[in-house]
Amino acid sequence: MKKINRIKANKDFALAIKKGKTFKNNSYIIHISDNELKTIRIGISVSKKLGIAVTRNKIKRQVRAMCQDIDLESTSKDIVIVVRNNFLDSTYQENKELLCKTLSEANIGVKK
(Lines give C-alpha, C1' and ligand atoms only; values in the text may rest on other atoms or scores of the structure.)
Protein backbone atom coordinates (compact mmCIF):
# COMPACT_ATOMS: atom_id res chain seq x y z
CA MET A 1 0.00 0.00 0.00
CA LYS A 2 1.36 3.41 -0.95
CA LYS A 3 2.10 5.92 1.79
CA ILE A 4 -0.41 8.34 0.22
CA ASN A 5 -3.14 5.80 1.03
CA ARG A 6 -2.28 5.53 4.74
CA ILE A 7 -3.75 7.44 7.64
CA LYS A 8 -0.93 8.49 9.95
CA ALA A 9 -2.13 11.53 11.91
CA ASN A 10 -3.90 10.98 15.22
CA LYS A 11 -6.52 13.62 14.37
CA ASP A 12 -7.44 11.73 11.17
CA PHE A 13 -7.86 8.50 13.17
CA ALA A 14 -10.01 10.29 15.75
CA LEU A 15 -12.15 11.96 13.09
CA ALA A 16 -12.79 8.70 11.24
CA ILE A 17 -13.69 6.91 14.48
CA LYS A 18 -15.94 9.70 15.74
CA LYS A 19 -17.86 10.50 12.55
CA GLY A 20 -17.68 7.21 10.68
CA LYS A 21 -19.93 4.17 10.52
CA THR A 22 -18.75 1.15 12.49
CA PHE A 23 -18.73 -2.47 11.39
CA LYS A 24 -17.65 -5.21 13.81
CA ASN A 25 -16.74 -8.86 13.72
CA ASN A 26 -14.57 -11.19 15.81
CA SER A 27 -11.23 -10.01 14.43
CA TYR A 28 -11.81 -6.38 13.43
CA ILE A 29 -13.62 -3.17 14.21
CA ILE A 30 -13.83 -1.10 11.03
CA HIS A 31 -14.70 2.61 11.02
CA ILE A 32 -15.51 4.17 7.65
CA SER A 33 -15.98 7.88 6.98
CA ASP A 34 -15.92 10.18 3.98
CA ASN A 35 -12.89 12.31 3.23
CA GLU A 36 -12.36 15.23 0.89
CA LEU A 37 -9.54 13.59 -1.01
CA LYS A 38 -10.02 11.60 -4.18
CA THR A 39 -8.31 8.51 -2.80
CA ILE A 40 -9.09 5.87 -0.26
CA ARG A 41 -6.97 6.00 2.91
CA ILE A 42 -6.49 3.18 5.39
CA GLY A 43 -5.30 3.36 8.98
CA ILE A 44 -4.48 0.31 11.09
CA SER A 45 -4.57 0.26 14.87
CA VAL A 46 -3.19 -2.61 16.94
CA SER A 47 -3.45 -2.60 20.73
CA LYS A 48 -0.56 -3.36 23.05
CA LYS A 49 -2.70 -6.19 24.42
CA LEU A 50 -1.90 -8.18 21.28
CA GLY A 51 1.80 -8.45 22.03
CA ILE A 52 5.18 -6.82 21.91
CA ALA A 53 6.15 -4.30 19.22
CA VAL A 54 7.48 -6.98 16.87
CA THR A 55 4.15 -8.83 16.95
CA ARG A 56 2.11 -5.64 16.49
CA ASN A 57 4.21 -4.57 13.51
CA LYS A 58 3.84 -8.02 11.96
CA ILE A 59 0.05 -7.76 12.32
CA LYS A 60 0.07 -4.31 10.69
CA ARG A 61 2.15 -5.61 7.77
CA GLN A 62 -0.28 -8.51 7.32
CA VAL A 63 -3.34 -6.26 7.34
CA ARG A 64 -1.66 -3.87 4.86
CA ALA A 65 -0.93 -6.84 2.57
CA MET A 66 -4.54 -7.99 2.89
CA CYS A 67 -5.81 -4.55 1.92
CA GLN A 68 -3.48 -4.52 -1.06
CA ASP A 69 -4.64 -7.99 -2.17
CA ILE A 70 -8.32 -7.15 -1.75
CA ASP A 71 -8.03 -4.35 -4.33
CA LEU A 72 -10.47 -1.77 -3.02
CA GLU A 73 -12.21 0.55 -5.44
CA SER A 74 -11.03 4.12 -5.47
CA THR A 75 -13.49 6.12 -3.46
CA SER A 76 -13.02 9.08 -1.17
CA LYS A 77 -13.19 7.19 2.12
CA ASP A 78 -11.11 6.89 5.25
CA ILE A 79 -11.02 3.40 6.72
CA VAL A 80 -9.68 2.71 10.21
CA ILE A 81 -9.14 -0.98 10.97
CA VAL A 82 -8.80 -1.84 14.65
CA VAL A 83 -7.43 -5.36 15.13
CA ARG A 84 -8.93 -7.46 17.93
CA ASN A 85 -7.51 -10.37 19.95
CA ASN A 86 -9.19 -13.07 17.82
CA PHE A 87 -6.97 -12.06 14.89
CA LEU A 88 -4.14 -14.13 16.39
CA ASP A 89 -6.30 -17.27 16.62
CA SER A 90 -7.03 -17.42 12.87
CA THR A 91 -4.88 -18.04 9.83
CA TYR A 92 -3.88 -15.35 7.35
CA GLN A 93 -6.39 -16.61 4.76
CA GLU A 94 -9.28 -16.71 7.25
CA ASN A 95 -8.48 -13.17 8.41
CA LYS A 96 -8.29 -11.96 4.82
CA GLU A 97 -11.68 -13.48 3.95
CA LEU A 98 -13.23 -11.96 7.07
CA LEU A 99 -11.83 -8.53 6.21
CA CYS A 100 -13.09 -8.82 2.62
CA LYS A 101 -16.54 -9.88 3.82
CA THR A 102 -16.77 -7.03 6.32
CA LEU A 103 -15.67 -4.41 3.78
CA SER A 104 -18.17 -5.68 1.22
CA GLU A 105 -20.93 -5.45 3.86
CA ALA A 106 -19.86 -1.84 4.36
CA ASN A 107 -20.43 -1.18 0.62
CA ILE A 108 -16.82 -0.23 0.03
CA GLY A 109 -16.91 -2.07 -3.27
CA VAL A 110 -14.38 -4.85 -2.96
CA LYS A 111 -13.27 -6.07 -6.38
CA LYS A 112 -12.66 -9.75 -6.83
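Computed from a predicted model, the values in this text were never measured in an experiment. One is the number of the first residue; the rest follow in order along the sequence.
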Engineer: Is there a continuous path of hydrophobic side-chain contacts, each under 4.5 Å between heavy atoms, that joins Ile40 to Val63?
Structural biologist: yes

Engineer: Working to the nearest 0.5 angstrom, can you tell me the gap between Cys67 SG and Ile44 CD1?
Structural biologist: 5.5 Å

Engineer: What is the distance from atom SG of Cys100 to atom CD of Glu105, rounded to the nearest 0.5 Å?
Structural biologist: 10.5 Å

Engineer: Who clusters with Leu15? Use side-chain heavy atoms, under 4.5 angstrom, across I, L, V, M, F, W and Y, and order the result by chain and number.
Structural biologist: none

Engineer: When you measure from the side chain of Tyr28 to the backbone N and O of Asn95, does any donor-acceptor pair fall under 3.5 Å?
Structural biologist: yes

Engineer: Restricting to side-chain hydrogen bond (donor to acceptor under 3.5 Å, both in side chains), what partner residues turn up for Asp34, sequence neighbours left out?
Structural biologist: Lys77

Engineer: Table please: side-chain donor-acceptor pairs of residues 83-92 below 3.5 Å, with sequence neighbours left out.
Structural biologist:
residue : atom : partner : partner atom : Å
Arg84   : NH1  : Asn25   : O            : 2.7
Asn86   : ND2  : Asn26   : O            : 3.3
Thr91   : OG1  : Glu94   : N            : 3.3

Engineer: Could you check whether any side-chain heavy atom of Asp78 comes within less than 4.5 Å of a side-chain heavy atom of Ile32, counting everything from C-beta outward?
Structural biologist: no

Engineer: Find out if a path of hydrophobic residues (ILVMFWY) with successive side-chain heavy-atom gaps under 4.5 Å connects Ile7 to Ile17.
Structural biologist: yes

Engineer: Hey, could you give me each pair passing salt bridge (Lys or Arg N to Asp or Glu O under 4.0 Å) that has a residue in residues 10-31? Not counting sequence neighbours.
Structural biologist: Asp12-Arg41

Engineer: Quick one: side-chain hydrogen bond (donor to acceptor under 3.5 Å, both in side chains) partners of Ser33, sequence neighbours excluded?
Structural biologist: none

Engineer: Would you call His31 and Ile79 a side-chain contact if the rule is heavy atoms closer than 4.5 Å?
Structural biologist: no

Engineer: To the closest 0.5 Å, what do you measure between OG (Ser45) and CD1 (Ile29)?
Structural biologist: 9.0 Å

Engineer: Kindly give the heavy-atom pair with the smallest separation between Phe23 and Thr102, and that separation in Å.
Structural biologist: CB-CG2, 3.9 Å

Engineer: If Ile, Leu, Val, Met, Phe, Trp and Tyr residues are connected whenever their side-chain heavy atoms lie under 4.5 Å apart, and connections chain through other members, are Ile30 and Leu98 in the same group?
Structural biologist: yes

Engineer: Could you tell me if the side chain of Ser76 sits less than 4.5 Å from the side chain of Leu37, heavy atoms only?
Structural biologist: no

Engineer: In a table with atom names and distances, give each donor-acceptor pair under 3.5 Å that connects a side chain of residues 46-61 to protein atoms at least two apart or in another chain.
Structural biologist:
residue : atom : partner : partner atom : Å
Ser47   : OG   : Lys49   : N            : 3.1
Arg56   : NH1  : Gly51   : O            : 2.8
Asn57   : ND2  : Ala53   : O            : 3.2

